[in-house]
Protein chains: 2
Amino acid sequence: MPKRVDHDQRRRHIAGALLRIAEQRGLQHASMREVAAEAEVSVRLVQYYFHTKDELLLAALGYLGEELGARVARRLENLGSPPPPRDVIHATLTAVLPTDAESVRLTRTYAAFYSLVLAEPQLTRHGAPQPDLLERFLANQLRAAQQTGVAHADLDPDLTASGLLALTNGLGSSVLGGQRDAEAALRVLTYHLDRLFVAEPPAAS
Amino acid sequence: MPKRVDHDQRRRHIAGALLRIAEQRGLQHASMREVAAEAEVSVRLVQYYFHTKDELLLAALGYLGEELGARVARRLENLGSPPPPRDVIHATLTAVLPTDAESVRLTRTYAAFYSLVLAEPQLTRHGAPQPDLLERFLANQLRAAQQTGVAHADLDPDLTASGLLALTNGLGSSVLGGQRDAEAALRVLTYHLDRLFVAEPPAAS
DNA sequence: GCTTTCATGGTACGACCGTACCATCAAGAG
DNA sequence: CTCTTGATGGTACGGTCGTACCATGAAAGC
């Protein structure tokens, strides 16, 4: 046997190069040659680890999803234990709002893939269950907040959770598009979050 | 002089072909040759009316903006006079939410341009003042609704208007992405709209 | 009636694309 | 030691891209 190589590491390295190009210059410039140059490997090697360009794109999108999930998880771990639902919701939403360098990078890269998967849905035939999952998570946090009395009781948790996620995505788009800066977006998000929770939470029992 | 031709009409015809391709197959497939074929003209003619591809893209984006503005205006005209602010807001937001065939077409086409202008901002150096304008319009409608007592008085009109627009854009993205159908999006939007207005408006004075 | 000029067609050029093909090197198996 | 095989490099092929170039009708001005 010749030298064995960690395929997963190589694939992540190359896919990372594609994600960097996608974020900085858009997927239009993510050709096999450009990706190879960015990863500092030969084009042949890109072909070797990803037999076709579609496979490379799909894998890169998967890694990107992993990165975003890891960011959300990391931010949730940094909260106290048990974390107040309001902090959980705030941390989750600001994790996907382009406010710092990492979230700008992630959301910009996602945006680069957005119109591609719109135009070629066969790339991701396994329907992404991610967003639905996040919505359910947020709705459950809202329900918990209602039961402890910190969130208004008359809220519909499902509709509110859907709205919060859509609001955050819309704000993120406007930030990336330059129509608003991150602080303004955060102000809008915080304002709407404030309206869901009671001003004076009941004294701890 | 030889036969004169209405340049504006020819440009709209060709740009319309590009917009059709962008909506149906994405801007990746909007090459000069494909646009010419879709418009049923020669490639030379596309070059003649748009000296470069960037000029074609930019003009098409402008025409698309015109179309969307016309749709919003048309829907606003169909309201009674004077139209209640709540109806104005609802009509404006549902105009940009992909609920019927026309709005799906418009938002899909916009989405196709989105990542392009993110990647190549020099395409639109004249910063689009459109969204800010729409936000101000919505904020003013909210203020009017507050003064007549149909909207809650403690709302911040600017932050609320920004939120409504971002919410609608986020909902639109999820509809186009297939994570939600149009009815579900409309349900979320209506729910949030309902929360802004008082349940029982004061009797007309 | 010639000549200018707008509108249009066809095509060629250089660049880049994704991918297939043909090699070579090196390390473990026998 | 040889042979198999995983990892890698280089390159060529067919295709499409945006654009430049060279044409040709046809209508209006003189």
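Chain naming here is simple, since letters A, B, ... match the order of the sequence lines and numbering starts at 1 in each.
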Side chains of A:Asn169 and A:Thr107, heavy atoms from C-beta outward: is any pair under 4.5 Å?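 No. Closest side-chain heavy atoms not under 4.5 Å.
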
Would you mind reporting whether B:Ser162 and A:Tyr191 have side-chain heavy atoms less than 4.5 Å apart?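 They are not in contact (no side-chain heavy atoms under 4.5 Å apart), so the answer is no.
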
If I take atom [atom1] in residue [X] and atom [atom2] in nucleotide [N], what distance separates them, rounded to the nearest angstrom?
X       : N      : atom1 : atom2 : value
A:Gln47 : C:dC17 : CD    : P     : 13 Å
A:Glu40 : D:dT8  : CD    : P     : 15 Å
A:Asp8  : D:dG6  : CG    : P     : 19 Å
A:Arg44 : D:dG6  : CZ    : C1'   : 11 Å
A:Asp6  : D:dT8  : CG    : P     : 11 Å

Is any NZ, NE, NH1 or NH2 atom of the basic residue among [X] and [Y] found under 4.0 Å from an Asp or Glu carboxylate oxygen of the other?
X        : Y        : result
A:Asp6   : A:Arg10  : no
A:Arg74  : A:Glu102 : yes
B:Asp156 : A:Arg187 : no
A:Arg71  : A:Asp100 : yes
B:Asp158 : B:Arg143 : yes

Would you say B:His7 places a side-chain N or O within less than 4.0 Å of OP1 or OP2 belonging to C:dC6?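 No, outside the criterion.
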
Heavy atom of [range] under 4.0 Å from DNA chain D: which residues?
range                     : result
residues 48-57 of chain B : B:Thr52, B:Lys53
residues 27-39 of chain B : B:Ser31, B:Met32, B:Arg33
residues 9-23 of chain B  : none

Mind listing the closest non-hydrogen atom pair of [X] and [Y] along with its distance?
X        : Y        : value
A:His152 : A:Phe197 : NE2-O, 3.5 Å
B:Ala151 : B:Val198 : C-CG1, 4.2 Å
A:Leu171 : B:Ala166 : N-CB, 3.6 Å

Taking any heavy-atom pair under 4.0 Å as a contact, classify A:Val41: base, sugar-phosphate, or nothing.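 No contact.
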
Does A:Glu34 form a side-chain contact (heavy atoms from CB on, under 4.5 Å) with A:Arg25? I'd like the steps, not just the answer. CA-CA 11 Å; A:Glu34 295 271 2; A:Arg25 297 187 284 147; 3.0 Å; yes

